[in-house]
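Since the structure comes first, as structure tokens, the remarks are kept for the end.
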Amino acid sequence: MKRRNLAIIALVLFCVCILALTACTAQSSGNNAANNANAADENTVPGNNAEDDTLPHNGIPVVTINIDESKGTIADMLASPNHEVYTYGTLSIDVPEGFHYSDYPDLDLKSYKDLEISLRGRGNSTWHVSEKKPFKIKLDKKEDIFSFGKNKHWVLLANALDPSLIRNRITYRLCETLNFDYTPQGVPVDLVMSGSQYGTRYLGSYLLGENIRVGENRLDIGELEEDDVDMPGISGGYLIQNALQVPEGSPNRFITKRGETWATDTPSFDLIDGGYKNDAQRDYIRNHLNTVEDALFEGGDAYKEFLDVKAAASYWLINTLAGNLDAYKTSSTYIYKVRDTDGTTGKMYWGPIWDYDYAWDQNETYEGMRAGHSWVKPLFTDRSEGGFLEEVKKQWALLRDDAKKIAADGGLIDQYYEETKLSAQQDHLIDPDGKNTGAEYSYKEQVEHLKTWIRNRIDWLDENIDSIDAMVHTITYVVDGKVVDRDYCEVTESLMLRATAPDKEGFIYKGWEDEDGNIYEFDIETDHDTTLTAKYIDEKDAPLPSDIIFAKSDDAIRFDPENKVYLMQWYVLPADAFFRNVEFTSSDENIASVNEDGEVTILAPGTVTITVTTVNGISRDFRLVITEDELPRPEKIAPEQDVIRMKVGEETHIVMHTEPAISRFDEYTYGSENSDIAEVDVLGIVEAVAEGTTRIHVSANTYTDSGDTISCDTWVTVIVEP
């Protein structure tokens with residue numbers, strides 16, 4: 001730090017001493033220690049602050065980026081939501097004397113001066129939710145930074161969601177135990193950025209390292225050439241990512257037959273993003289991924305021809321141990337395919353791993369595990385020798401021991417702490433909100449919390465890893481005695497039924513029937529392998545609709561040009577009616593139109609009637625009032641019938657009205673005093689269960705913006721006769 005800055009600090013401290021001598025003595029001692037290069041107290045912050053133009057001195061490398069803002073401003077780059085704005089300048093790396101990288105202490109780390117670069121933003125969540133931004137660096141010439149191998153492409157990870165700043169490093173280190181083909185590496189650095197308009201600013205503690213990329217010294221799977229159109233060249237290598245954050249309409253994006261959305265990262269077929277057009281390559285990898293998916297859902301171990309079992313187990317294990325909240329969900333999820341050789345199909349591999357700042361102790365609990373992806377679920381049903389379950393348990397025995405050593409007192413996490421504690425403290429001063437901590441911030445506490453979480457997580461997995469044998473079950477769909485499809489259901493989930501039964505002339509499809517005669521139409525929960533058989537009934541035996549009911553007999557809404565969709569709630573009785581197809585018509589399409597699904601589009605103020613008609617001629621009207629006036633809340637509600645008489649087994653609907661008739665509320669709710677006599681559902685459908693008398697409570701509820709509920713209510717008496 002410059003002498004004039006020390007003089008200013010001394011003067012300030014002197015003034016503070018006059019006001020509070022005792023407090024000043026303690027603080028002055030702390031500030032003096034802060035300027036000691038060997039300071040060990042994490043609460044002292046040597047180096048500069050956000051307004052200082054000197055480099056930080058926190059014992060780790062300092063990256064300085066100088067941007068020529070005549071070619072593009074830093075402000076414009078930071079304001080670009082899609083990272084389309086580039087800046088240009090130089091990058092320097094100053095490695096302090098005596099610095100040893102904890103992961104590889106024998107590496108010869110050298111400094112660099114004024115490397116020509118282009119710089120842009122990168123990332124998704126961090127870029128949009130944090131003031132501390134991540135960056136993508138492209139060097140004009142390849143450099144072997146930190147002995148990671150020559151490359152032009154590097155990243156500065158902000159770790160803005162990670163108060164420990166080391167979650168990614170832990171993950172990278174553990175992946176060495178699992179022997180992934182490639183895992184990116186990085187070194188902790190302090191980042192300073194400078195520009196003529198931007199000034200010189202310390203941006204915080206970062207991780208400078210590799211990004212996921214196909215090529216020598218990275219994921220070396222044989223990069224495709226633009227003119228490859230024949231086998232075996234066209235068969236690999238492809239780097240694929242989850243397409244969640246890839247724009248719809250991108251030529252890289254596609255959906256498999258079973259609805260999984262993937263995108264090609266390398267090669268890219270997006271001309272706007274620097275890719276090339278090659279329909280042969282694009283069609284090949286899309287068809288191949290559908291082939292892999294088919295093999296997975298075929299059951300058994302047919303998938304082994306196309307998917308590497310060990311990589312799948314490793315990828316699932318690291319995500320599971322880390323409790324990764326982003327696992328399998330975002331564009332940080334990768335798979336890749338290697339090229340075919342000597343007539344042998346090049347396999348698909350899960351990985352490389354990427355982006356674990358939203359993992360580890362970020363999760364609220366250290367308990368629980370999930371299969372996590374539709375392509376992973378089938379693997380849990382392969383109990384063959386050398387299958388997925390066996391591989392997971394074998395690798396867990398190795399991974400747990402390494403994870404325990406890393407989280408032990410004096411282990412690698414403690415070494416990370418010693419290495420980064422001064423940088424972390426200074427980082428917190430400029431980005432406190434990103435650490436979710438208050439004024440009593442302690443980096444030591446963040447790291448200790450992480451260590452404790454990892455130890456608890458290991459213990460829980462040790463006790464529960466064998467339960468993976470029964471975590472996923474097979475759903476087999478059968479039509480006319482033939483297996484037509486399979487699906488896979490976790491014991492913790494409700495699975496949406498995917499298979500569609502074919503139409504059969506003269507018969508009506510009723511649903512999927514299990515071995516016990518239970519019928520499923522939409523979803524299923526199961527704790528065992530289940531066979532579902534398509535159930536049909538003869539048309540002449542099918543019960544016809546007897547009525548149509550609405551959640552509200554009519555409704556009133558205020559006209560809002562910005563919100564034109566109204567969802568009408570309707571239901572066909574009886575519940576087992578199979579002619580459920582209905583038609584919708586609007587009395588005035590200048591006021592509101594209605595589509596084939598009953599979704600109403602509001603066009604203008606007025607009163608409109610929506611008519612719902614079944615195929616057997618049952619027709620009911622729903623009145624909707626659309627007004628520009630402020631709508632009052634109901635002062636009173638009243639049923640059409642105060643007393644309802646029913647026979648055991650009958651169903652009826654409670655029809656309600658409000659006073660005033662045109663009023664605003666959100667919904668009716670219903671409850672039975674004695675459900676052993678009469679049950680009532682959310683739509684006010686009452687089912688007579690047994691002889692007796694009970695009451696149904698009805699409430700019209702309005703939910704306020706503050707979370708309160710305003711209600712008015714009444715009672716309906718139900719008498720059930722034999």
Side-chain angles (χ1 to χ4, degrees), residues 171-185 210 212-215 218-222 235-242 256 260 262 264-266 285 288-289 291-293 295-297 300-322 324 326-341 344-356 359 369-400 402-403 465 468 472 488:
T171 312
Y172 297 163
R173 172 60 184 79
L174 287 171
C175 283
E176 292 186 4
T177 303
L178 297 172
N179 291 314
F180 281 85
D181 285 344
Y182 167 72
T183 298
Q185 298 296 329
E210 305 170 283
I212 303 298
R213 192 170 185 85
V214 173
R218 298 285 170 87
L219 182 61
D220 192 5
I221 56 174
S235 65
Y238 294 91
L239 177 62
I240 314 296
Q241 64 182 155
N242 181 300
T256 67
E260 283 300 334
W262 295 105
T264 49
D265 176 280
T266 307
I285 190 59
H288 185 77
L289 286 172
T291 299
V292 175
E293 186 177 75
L296 284 164
F297 281 79
D301 63 358
Y303 71 91
K304 291 181 181 178
E305 178 183 352
F306 303 101
L307 188 72
D308 187 82
V309 179
K310 184 179 181 300
S314 299
Y315 194 82
W316 182 81
L317 262 179
I318 193 64
N319 277 287
T320 298
L321 172 60
N324 185 12
D326 282 340
Y328 301 103
K329 298 176 184 177
T330 72
S331 292
S332 296
T333 298
Y334 289 95
I335 57 175
Y336 59 94
K337 184 191 181 298
V338 301
R339 188 163 294 159
D340 297 357
T341 56
T344 301
T345 301
K347 291 187 177 181
M348 301 289 309
Y349 293 77
W350 280 99
I353 63 99
W354 182 247
D355 190 16
Y356 279 71
M369 53 185 173
R370 297 288 305 275
H373 193 275
S374 72
W375 280 25
V376 178
K377 292 176 187 178
L379 304 180
F380 282 87
T381 66
D382 176 18
R383 297 172 177 83
S384 66
E385 183 177 352
F388 178 79
L389 294 179
E390 181 180 293
E391 187 65 36
V392 165
K393 293 175 184 179
K394 182 173 70 175
Q395 291 193 42
W396 172 242
L398 301 174
L399 182 62
R400 67 179 296 281
D402 199 21
I465 195 70
I468 63 175
V472 178
Y488 298 88

(message) Within this structure, what is the NZ-CG distance for the pair K377 and L296, rounded to the nearest 0.5 Å?
(response) 13.0 Å

(request) For R173, enumerate each residue passing the salt bridge (charged side-chain N to carboxylate O under 4.0 Å, His left out) test, keeping only those at least two apart in sequence or located in another chain. (result) D402

(request) For the pair E210 (side chain) and Q185 (backbone), establish whether a donor and an acceptor sit closer than 3.5 Å, ignoring hydrogens and angles. (result) yes

(request) Apply the test side-chain contact (heavy atoms from CB on, under 4.5 Å) to residues K310 and N179: give CA-CA distance (whole Å), side-chain angles for both, the deciding distance (0.1 Å), then the verdict. (result) CA-CA 10 Å; K310 184 179 181 300; N179 291 314; 4.0 Å; yes

(message) Within the 3.5 Å criterion, strictly below it, is a donor on D326 or Y356 matched to an acceptor on the partner's side chain?
(response) no

(request) Would you name the heavy atoms of V472 and T381 that are closest together and state the gap between them? (result) O-CG2, 3.9 Å

(message) Contact between V292 and Y303 at the side-chain level, heavy atoms closer than 4.5 Å - yes or no?
(response) no

(message) For the backbone of E385 and the side chain of E390, can you confirm whether one donor and one acceptor N or O come within less than 3.5 Å of each other?
(response) no

(request) Flag the pair T345 / F306 as yes when at least one side-chain heavy-atom distance between them is below 4.5 Å, and no otherwise. (result) yes

(message) For the aromatic rings, using the six-membered ring if either is Trp, is the centroid distance between F297 and Y488 under 6.0 Å?
(response) yes

(request) Please name all residues satisfying salt bridge (charged side-chain N to carboxylate O under 4.0 Å, His left out) with K394, sequence neighbours left out, ordered by chain then number. (result) E391

(message) Just verifying a value: how many Å separate W350 CH2 and I318 CD1, rounded to the nearest 0.5 Å?
(response) 15.5 Å

(message) Between N242 and T333, is the side chain to side chain donor-acceptor pair (under 3.5 Å) condition met? List the steps.
(response) CA-CA 5 Å; N242 181 300; T333 298; 5.0 Å; no

(request) List for me each residue that meets side chain to side chain donor-acceptor pair (under 3.5 Å) alongside S374, sequence neighbours excluded, and say none if there are none. (result) E260

(message) Quick check against the 3.5 Å criterion: does D340 have a side-chain atom that pairs as donor or acceptor with the backbone of G346?
(response) yes

(message) Using a 3.5 Å distance criterion without hydrogens, assess whether the side chain of K329 forms a donor-acceptor pair with backbone atoms of H373.
(response) no

(request) Taking all heavy atoms of M348 and all of I335, pick out the closest pair and write down the distance. (result) CE-CD1, 3.6 Å

(message) For D181, give me all partners under salt bridge (charged side-chain N to carboxylate O under 4.0 Å, His left out), at least two apart in sequence or on another chain.
(response) none

(request) Using a 4.5 Å cut-off on heavy atoms from C-beta on, say whether the side chain of L289 contacts that of Y238. (result) no

(request) Look up atom CZ in F388 and atom CG in L307, then write down how far apart they are to the nearest 0.5 Å. (result) 9.5 Å

(request) Calculate, to the nearest 0.5 Å, the distance between atoms CD and OG1 belonging to E305 and T291 respectively. (result) 9.5 Å

(message) To the closest 0.5 Å, what do you measure between CH2 (W316) and CH2 (W396)?
(response) 9.5 Å

(message) Is the shortest side-chain heavy-atom distance between F180 and P352 below 4.5 Å?
(response) no

(message) Could you check whether any side-chain heavy atom of Q395 comes within less than 4.5 Å of a side-chain heavy atom of L178, counting everything from C-beta outward?
(response) yes

(message) Just to verify, what does Y349 make a side chain to side chain donor-acceptor pair (under 3.5 Å) with, not counting sequence neighbours?
(response) none

(request) Keeping the roles fixed (side chain from R339, backbone from G222), state whether a donor-acceptor pair exists under 3.5 Å. (result) yes

(message) The test is ring pair (Phe, Tyr, Trp, His ring centres under 6.0 Å); show your working for Y315 and Y328 and say whether it passes.
(response) CA-CA 10 Å; Y315 194 82; Y328 301 103; 5.5 Å; yes

(request) Show your working on side-chain contact (heavy atoms from CB on, under 4.5 Å) between L239 and T264 and close with a plain yes or no. (result) CA-CA 6 Å; L239 177 62; T264 49; over 6 Å; no

(request) First locate atom CD1 of I353, then atom CD1 of I212, and finally report the distance between them rounded to the nearest 0.5 Å. (result) 7.0 Å

(request) Compute the ring centroids of W262 and H288, then answer whether they are less than 6.0 Å apart. (result) no

(request) List the atom of D382, the atom of K304, and the distance in Å for their closest heavy-atom pair. (result) OD2-CE, 3.5 Å

(message) Please check this pair: side chain of K337 against backbone of S235, looking for a donor-acceptor N/O pair closer than 3.5 Å.
(response) yes

(request) List in chain and number order the residues that pass side chain to side chain donor-acceptor pair (under 3.5 Å) with T183, two or more places apart in sequence or in another chain; answer none if no residue qualifies. (result) none

